[in-house]
Every structure is written in structure tokens, then in C-alpha cells.
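The block underneath contains the structure these notes are about, expressed in C-alpha cells.
Basis for what follows: all heavy atoms, side chains included, without hydrogens, waters or symmetry-related copies. Read the numbers this way: they start at 1 and go in the same order the structure lists the ligands and their atoms.
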Amino acid sequence: MDKPLIIGVAGGSGSGKTTVIQHIVQHIGEENLSLIAHDAYYRDLKHLSFEERARQNFDHPASLETELLIRHIKALSSGYSIDCPIYDFANHIRKDVALTITPKKIILVDGILIFYEKELRRLMDIKLFVDTDDDVRLLRRLRRDITERKRSIEGVLDQYEKFVRPMHLEFVEPTKRYADIIIPHGGENQVALEMVNALIFDKIRD
Ligand SMILES: Nc1ncnc2c1ncn2[C@@H]1O[C@H](COP(=O)(O)OP(=O)(O)O)[C@@H](O)[C@H]1O
Ligand SMILES: O=c1ccn([C@@H]2O[C@H](COP(=O)(O)O)[C@@H](O)[C@H]2O)c(=O)[nH]1
């Protein structure tokens with residue numbers, strides 16, 4: 001098999017990365033894609049109590065095991081399957097089981113901090129940054145974290161003020177300059193999504 005095309009989708013929390021990826025999956029086909037989320041590589045905090053885990057800064061680059069993600073992308077690129085960790089956002093721990101991901105024509109990686117480390121960035125052939133206003137991202141995150149990640153309104157707002165916003169300004173937003181394409185308004189930007197899908201389709205056509 002030829003070396004896969006590696007695409008990175010970055011952007012702040014709640015910007016619409018997952019939504020953009022769903023569009024790419026629909027258009028390009030799941031059978032052509034190895035999907036990996038940097039989120040799955042949060043360091044395992046089982047040694048801490050739940051209360052201590054909930055107080056951690058999950059928006060700092062050090063909270064993620066990026067070195068393992070890099071090894072996994074290199075393995076997939078070389079034609080090997082990987083055992084991707086599965087992360088439990090409600091309890092802030094890594095599950096005991098893993099998800100086997102097989103090599104495909106395209107590796108699609110997403111996460112708030114995937115452009116932060118040079119070694120990871122340099123593996124990517126196409127870098128997309130989903131750019132959505134901060135107030136919209138906060139509203140989306142509030143809804144999502146309460147329904148899907150079992151958080152309280154106060155918990156989401158405290159975490160946003162203490163960690164999410166300052167880390168976004170320090171570590172996430174500055175990586176926008178590494179993007180090849182910046183997608184304003186995320187998942188609702190049909191024009192940008194059609195352009196991205198056409199570009200990917202063109203690159204994998206043989
Ligand atoms: N264009 C949109 N309009 C309304 N809600 C959206 C839109 N894009 C995303 N969302 C919602 O916002 C939340 C965060 O979007 P998501 O794609 O998961 O962002 P990210 O992966 O960047 O954190 C999800 O609940 C999603 O359904
Ligand atoms: O245990 C955890 C781990 C991460 N988070 C938050 O998740 C977001 C990143 O996920 P998105 O899907 O891009 O929103 C990050 O901002 C962390 O704060 C968490 O709350 N708990």
C-alpha cells in the first residue's frame with residue numbers, strides 16, 4: 001500500500017472539528033479513513049481520586065501522551081494496525097480496553113493541540129484549522145459537556161475560566177498559523193467543506 005495521506009483537523013474546543021470530520025467521512029467513505037482523536041491520548045490519571053482528576057488542567061499540552069500518538073501515526077503510515085486508547089471523559093480515565101485501528105488510504109487526526117508539537121505537525125500532509133467564535137464555542141461546549149460528558153453548568157464554567165480559555169489563548173489559537181486551510185464557522189461552512197472534500201478526493205484518486 002502507498003504511504004497514506006495524513007490530514008490534521010485542529011481548532012478550539014467546541015469549534016466543530018468532529019462535525020467537519022463527519023462530513024469528510026460521509027464524502028470520502030469510512031473504508032478509506034483511519035480516524036484518530038488526540039483526545040483518546042489523555043494521560044491516564046487512575047492513580048488520583050475522582051475529585052483530584054476533575055481539577056486537572058486538560059488543556060495544557062502536557063496532559064496528552066502525544067509521544068504515543070506520534071508512534072501510532074508512524075505505525076499506521078508503515079502499514080501496521082494500532083491499539084488506540086479509549087478515554088472516558090465522564091471519569092477522566094483511560095479505559096482498560098483499546099480500539100484496533102487498521103491502516104487505510106487516509107489518516108485523519110483531530111484535536112485542539114495537534115499543531116502544537118513540531119514532530120506531530122510535520123507528519124501531516126494537509127492541516128485544517130476550524131475557526132469558530134469563542135462565545136459560540138463556549139455555548140456548544142456547555143450543552144455538549146452537560147449532556148455527553150456528565151458535567152454540571154458550574155463545573156463547565158469554572159473549568160472554562162480557569163483552564164480552557166487561558167490555555168486556548170496560549171497554546172491553541174497561536175497554532176492557527178501552521179494551518180494550510182482555515183475553516184471559518186466549522187461544520188456549517190458548506191463551501192469550505194466541499195473544497196476540502198474535493199482536495200482530499202483528488203489526492204487519493206489513482
Ligand atoms: N454548525 C453547528 N451548529 C450547531 N451546533 C453545532 C455545529 N457544529 C457543531 N455543533 C455542536 O457543537 C458541539 C461541539 O461540536 P464538535 O464538532 O463536537 O466540536 P469539537 O470536536 O471541535 O469539540 C457538538 O455538540 C455539536 O453537535
Ligand atoms: O478528562 C478530560 C479530558 C479533556 N477534557 C476537555 O476536553 C476538551 C477537548 O475536547 P474537544 O472535543 O476538542 O472539546 C479540552 O478542552 C479539555 O478541557 C475534559 O474536560 N476532561
Ligand 2 versus [X]: contacting region, heavy-atom distance under 4.0 Å:
X: Gln159; result: side chain
X: Asp145; result: neither
X: Phe58; result: both

So which heavy atom in the protein is nearest [atom], and how far is it from that ligand atom?
atom: atom 13 (O) of ligand 2; value: Lys17 NZ, 3.0 Å
atom: atom 6 (C) of ligand 2; value: Arg141 NH2, 3.7 Å
atom: atom 17 (C) of ligand 2; value: Asp59 OD1, 3.3 Å
atom: atom 9 (C) of ligand 2; value: Asp39 OD1, 3.8 Å
atom: atom 1 (O) of ligand 2; value: Tyr87 OH, 2.5 Å
atom: atom 14 (O) of ligand 2; value: Ser13 OG, 2.6 Å
atom: atom 7 (O) of ligand 2; value: Arg149 NH1, 3.1 Å

Is there side-chain contact between Pro103 and Tyr80, with at least one heavy-atom pair below 4.5 Å? no
Is there a side-chain contact between Ile112 and Phe171 (heavy atoms, below 4.5 Å)? no
Consider ligand 2: state whether an atom of it lies below 4.0 angstrom from any non-hydrogen atom of [X].
X: Met167; answer: no
X: Phe163; answer: no
X: Arg53; answer: no

Below 3.5 Å only, please: the N or O atoms of ligand 1 paired with protein N or O atoms, distance on each line.
unit_1	atom_1	unit_2	atom_2	d
ligand 1	1 (N)	Arg140	NH2	3.4
ligand 1	1 (N)	Glu188	OE1	3.0
ligand 1	17 (O)	Thr18	N	3.3
ligand 1	17 (O)	Thr19	N	3.0
ligand 1	17 (O)	Thr19	OG1	2.6
ligand 1	18 (O)	Thr18	OG1	3.4
ligand 1	19 (O)	Gly16	N	3.1
ligand 1	21 (O)	Thr18	N	3.1
ligand 1	21 (O)	Thr18	OG1	2.5
ligand 1	22 (O)	Ser15	N	3.2
ligand 1	22 (O)	Ser15	OG	3.3
ligand 1	22 (O)	Gly16	N	3.0
ligand 1	22 (O)	Lys17	N	2.8
ligand 1	22 (O)	Lys17	NZ	2.8
ligand 1	23 (O)	Gly14	N	2.9
ligand 1	23 (O)	Arg144	NH1	3.0

Between Phe163 and Phe58, does the ring centre distance come in under 6.0 Å?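 Judged by ring-centre distance (under 6.0 Å), Phe163 and Phe58 do not meet the cut-off.
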Can you measure from CG (Leu76) to SG (Cys84) and round to the nearest 0.5 angstrom? 9.0 Å
Inspect the contact between Arg140 and Glu148 and indicate whether a charged nitrogen and a carboxylate oxygen are less than 4.0 angstrom apart.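 Looking at Glu148 and Arg140, the cut-off is not met.
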What residue pairs, at least two apart or across chains, pass side-chain hydrogen bond (donor to acceptor under 3.5 Å, both in side chains) with a residue in [range]?
range: residues 18-38; result: His38-Thr66
range: residues 112-125; result: Lys74-Glu119
range: residues 83-103; result: Lys46-Asp96, Glu65-Arg94, Asp83-Thr100, Asp88-Asn91

Is there a path of hydrophobic side-chain contacts, each under 4.5 Å between heavy atoms, that joins Phe201 and Ile7?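 They do share one cluster, since a chain of ILVMFWY contacts under 4.5 Å joins Phe201 to Ile7.
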Among Arg144, Arg151, Arg43, which one has a heavy atom closest to atom 11 (P) of ligand 2? Arg144
Under the salt bridge (Lys or Arg N to Asp or Glu O under 4.0 Å) rule, what do Asp158 and Lys162 come out as? Steps first, then yes or no, please. CA-CA 6 Å; Asp158 283 353; Lys162 195 167 173 198; over 6 Å; no
Within ligand 2, which atoms have a heavy atom of His92 less than 4.0 Å away? 1 (O), 2 (C), 21 (N)
How about NZ on Lys203, more than 12 heavy atoms from neighbouring residues, nucleotides or ligands closer than 6.0 Å, or not? no
Show your reasoning for whether side-chain hydrogen bond (donor to acceptor under 3.5 Å, both in side chains) applies to Gln159 and Arg55. CA-CA 8 Å; Gln159 185 189 12; Arg55 285 198 297 269; over 6 Å; no
For a salt bridge (charged side-chain N to carboxylate O under 4.0 Å, His left out) with Asp131, tell me which candidate from Lys176, Arg177, Arg137 qualifies.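 For Asp131, the salt bridge (charged side-chain N to carboxylate O under 4.0 Å, His left out) check succeeds only for Lys176.
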